[in-house]
Number of protein chains: 2
Amino acid sequence: MLTDRQLLILRAIVDDYIKTAQPVGSRTLSKRSDVTFSSATIRNEMADLEEMGLIEKPHTSAGRIPSELGYRFYVDHLIRPESISPQEAKALKSLFAHSVNENDRLIRHTADLLSELTHYTTLVLGPKEEGQRLHHLELIPLAEGRVVIVLVTETGHVEHKTLQLAEALSREAASRLMERLNQTLRGTPLSMLRGRLLEEIRRFRSEHSEQTTLLSKALDIVLTDQDEGRPLIYLGGKANMFDQPEFQDVAKLRPVLELIEQQEALFDFLSPNLDNQILITIGSENNVDALKDCSVIRAHYSVDGISLGTLALIGPKRMDYNRGINSIIHLLQAFQTELRKNNLD
Amino acid sequence: MLTDRQLLILRAIVDDYIKTAQPVGSRTLSKRSDVTFSSATIRNEMADLEEMGLIEKPHTSAGRIPSELGYRFYVDHLIRPESISPQEAKALKSLFAHSVNENDRLIRHTADLLSELTHYTTLVLGPKEEGQRLHHLELIPLAEGRVVIVLVTETGHVEHKTLQLAEALSREAASRLMERLNQTLRGTPLSMLRGRLLEEIRRFRSEHSEQTTLLSKALDIVLTDQDEGRPLIYLGGKANMFDQPEFQDVAKLRPVLELIEQQEALFDFLSPNLDNQILITIGSENNVDALKDCSVIRAHYSVDGISLGTLALIGPKRMDYNRGINSIIHLLQAFQTELRKNNLD
DNA sequence: TGTTAGCACTCACTTTTAACGAGTGCTAAT
DNA sequence: ATTAGCACTCGTTAAAAGTGAGTGCTAACA
């Protein structure tokens with residue numbers, strides 16, 4: 001167990017390093033107002049902290065920097081839930097002053113807000129399609145056998161795809177089919193929609209001996225479209241990465257930016273956050289080589305108890321966890337409130 | 001006027017520098033198989049070329065590199081329209097083997113293809129909305145006064161927005177209004193659509209004494225949505241920037257990547273390409289400070305003589321113009337062919 | 001007259017050496 | 001238990017020396 005003094009020193013080191021990005025020496029610490037003991041004492045304590053693996057030195061004659069374990073300890077035990085400043089709280093409220101009634105845009109907006117708030121890069125993972133339920137389906141026949149299919153989920157998410165049929169679909173036939181589909185399929189989870197949709201169309205066709213081509217084409221388009229099944233990822237404040245001193249070296253910066261551009265990789269990385277809390281992963285804890293020098297703060301957002309997606313903040317290991325956590329918590333709430341408004345249950 | 005030998009030397013310098021990114025010395029050149037004269041002669045010619053401002057030396061004891069004027073001359077006079085290799089031509093055809101019947105996706109796909117083909121970063125400016133004409137308008141009433149409005153242009157572009165009305169819109173009312181709007185508004189350029197739409201709705205309301213709230217809300221949403229009016233920009237191969245030796249320095253890299261992330265700035269930059277040719281801008285010719293070390297190859301794409309958008313390639317000034325131009329020309333044609341298929345005239 | 005060989009000169013780049021100083025670990029005194 | 005003192009470490013910076021690719025100029029050559 002750590003003594004109070006050791007806690008004080010550890011916190012001071014982490015705080016200082018987060019602020020300056022420079023290794024913290026014993027003399028520097030001894031000059032702080034909340035430190036009453038000498039630099040020699042600090043050196044002794046530092047030696048102990050180092051033995052415990054909480055801090056380390058880049059080289060012999062440098063100050064100490066927090067180790068990953070040190071950050072972990074700091075995050076787990078030393079963070080004060082410093083509440084957001086009054087101005088910021090006010091700003092937060094006004095950010096969502098005029099409702100955004102399209103979830104996609106709301107999510108994008110939120111990503112930007114969070115990055116502005118924290119000066120870190122933000123990732124927002126949109127809702128998984130699978131979990132969502134169908135609210136409404138619309139078929140819009142156009143000229144030349146072109147049909148637009150519009151799909152609205154209960155969360156208010158709208159999506160459209162264009163099909164190309166061999167023969168034109170009459171407006172009447174579309175209307176009848178549509179009515180039938182909406183009757184039978186409303187509330188179907190999107191994960192099951194593909195199958196049921198085809199089944200319904202087949203049944204409809206046998207009953208009305210109507211166009212058959214629609215079936216195969218719709219199958220082609222809707223089913224082969226794998227990538228559309230995964231949620232979208234919105235990024236905010238990519239340029240903030242440039243400001244971090246640890247990423248001044250292109251070799252360090254590159255893997256992070258490259259990863260961020262890869263939707264699939266990010267998706268895999270962000271998805272498996274199961275519990276509902278704030279999750280912080282530091283450096284190697286990310287289990288992703290490109291993020292070995294980064295920390296990620298993640299929060300799940302949900303509406304009516306249904307988990308929808310993830311809000312994440314990505315920065316150097318030396319990131320301002322305090323500010324990050326607080327910002328994400330506060331924005332999360334405002335965000336969820338807005339999301340709920342858009343629900344179409 | 002330049003002598004044949006000077007042309008040979010200039011071309012050799014540019015070619016070499018494009019390949020190696022190293023200043024080219026007279027001795028290096030004299031060892032080329034197509035150079036029959038000595039390094040001393042080359043030095044004399046180089047001195048002349050330098051006097052003409054076509055090449056320059058980074059410092060006294062280095063080889064020569066092309067000046068912006070040199071690149072300009074190279075691009076204007078020395079590029080051989082080296083046709084694409086047979087394999088590549090075949091590959092190009094197969095790239096669009098299965099048609100993409102949604103323009104948005106087609107454009108995105110094209111951006112990726114072009115960057116893969118050239119190993120440079122690609123920008124594709126989507127069609128301007130203003131120029132496009134309305135093909136079809138659909139109103140989909142949902143629960144709780146939510147209405148999705150779907151808009152299809154004659155180019156096959158589909159767009160949707162969600163409106164929130166104070167009171168619900170009945171399916172019948174929507175259907176009637178929709179029929180009316182489509183009758184009167186089909187073919188309207190989107191730039192004029194906003195105004196005409198409102199007018200039509202007002203007229204419809206007075207004739208049928210129907211919901212009035214729709215008007216104001218639709219106005220709010222459709223009109224205030226400025227940013228949706230500008231075309232989308234798709235990026236491909238952002239990471240390719242990392243491979244260029246001139247951008248190993250974060251200070252050089254940053255402004256370029258930052259600019260690329262800014263939709264508006266790019267829009268302003270890419271738009272004013274009026275003529276239908278391939279346009280190449282080198283370094284300061286870009287008139288954008290962030291691109292002072294970059295060259296941009298642009299090509300307008302059009303369908304049926306109607307200019308739609310821009311295909312652009314961005315790389316260092318030392319970019320492989322030959323390959324870039326050829327790739328963009330060939331892809332442009334394939335792309336336009338695909339686009340034409342999606343037209344709904 | 002155009003071309004080439006030769007040579008002194010320039011200058012970025014690399015390596016070497018030296019000086020600096022922030023920081024440490026250890027010891028002895030308080 | 002705490003602290004003052006001191007030798008030691010080692011990254012950083014600066015200056016000095018050496019290296020080599022490349023140039024410009026001149027004189028000889030075809």
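Being a predicted model, the structure only gives us computed values, none of them experimental. Side chains are part of it too, since the values below use all heavy atoms of this structure and drop only hydrogens, waters and symmetry mates. Labels below follow one simple rule: chain letters A, B, ... track the order of the sequence lines, proteins then strands, and each chain is numbered from 1.
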Whole-Å gap separating [atom2] ([N]) and [atom1] ([X]):
{"X": "A/L29", "N": "C/dA22", "atom1": "CG", "atom2": "P", "answer": "16 Å"}
{"X": "B/Q22", "N": "D/dG20", "atom1": "CD", "atom2": "P", "answer": "17 Å"}
{"X": "B/D48", "N": "C/dG2", "atom1": "CG", "atom2": "C1'", "answer": "13 Å"}
{"X": "B/I9", "N": "C/dG2", "atom1": "CD1", "atom2": "C1'", "answer": "14 Å"}
{"X": "B/E45", "N": "C/dT1", "atom1": "CD", "atom2": "C1'", "answer": "14 Å"}
{"X": "A/I42", "N": "C/dA22", "atom1": "CD1", "atom2": "P", "answer": "17 Å"}

From CA spacing to verdict: side chain to side chain donor-acceptor pair (under 3.5 Å), B/R27, B/S39: CA-CA 5 Å; B/R27 239 184 79 79; B/S39 64; over 6 Å; no
Identify the heavy atoms of B/T121 and B/G237 that sit nearest to each other, and give their distance. OG1-O, 3.1 Å
Write down the atom of B/L114, the atom of B/A312, and the distance for their closest heavy-atom approach. CD2-O, 4.4 Å
Reading nucleotides 22-30 of chain D 5' to 3', which nucleotides get B (base under 4.0 Å from a protein heavy atom), which S (sugar-phosphate only), which -? SBB------
Check whether any side-chain heavy atom of A/F242 sits under 4.5 Å from a side-chain heavy atom of B/L257, and report yes or no. yes
Pair B/N44-B/D48, side chain to side chain donor-acceptor pair (under 3.5 Å): steps then yes or no: CA-CA 7 Å; B/N44 287 329; B/D48 291 349; over 6 Å; no
For the residue pair A/R298 and A/F269, would you count it as a cation-pi contact if the rule is NZ or CZ under 6.0 angstrom from the ring centre and within 45 degrees of the ring axis? yes
Can you see if the side chain of B/T41 gets near the phosphate of C/dT4 - specifically, an N or O under 4.0 Å from OP1 or OP2? yes
Degree of bending, the helix from C/dT1-D/dA30 to C/dT30-D/dA1 (end axes from five pairs; round to 10°): 20°
Applying the side chain to side chain donor-acceptor pair (under 3.5 Å) test to B/S295, which of B/Y71, B/Y120, B/Y321 qualifies? B/Y321
I'd like to know if A/K19 and A/D320 make a salt bridge, using a cut-off of under 4.0 Å between side-chain N and carboxylate O. no
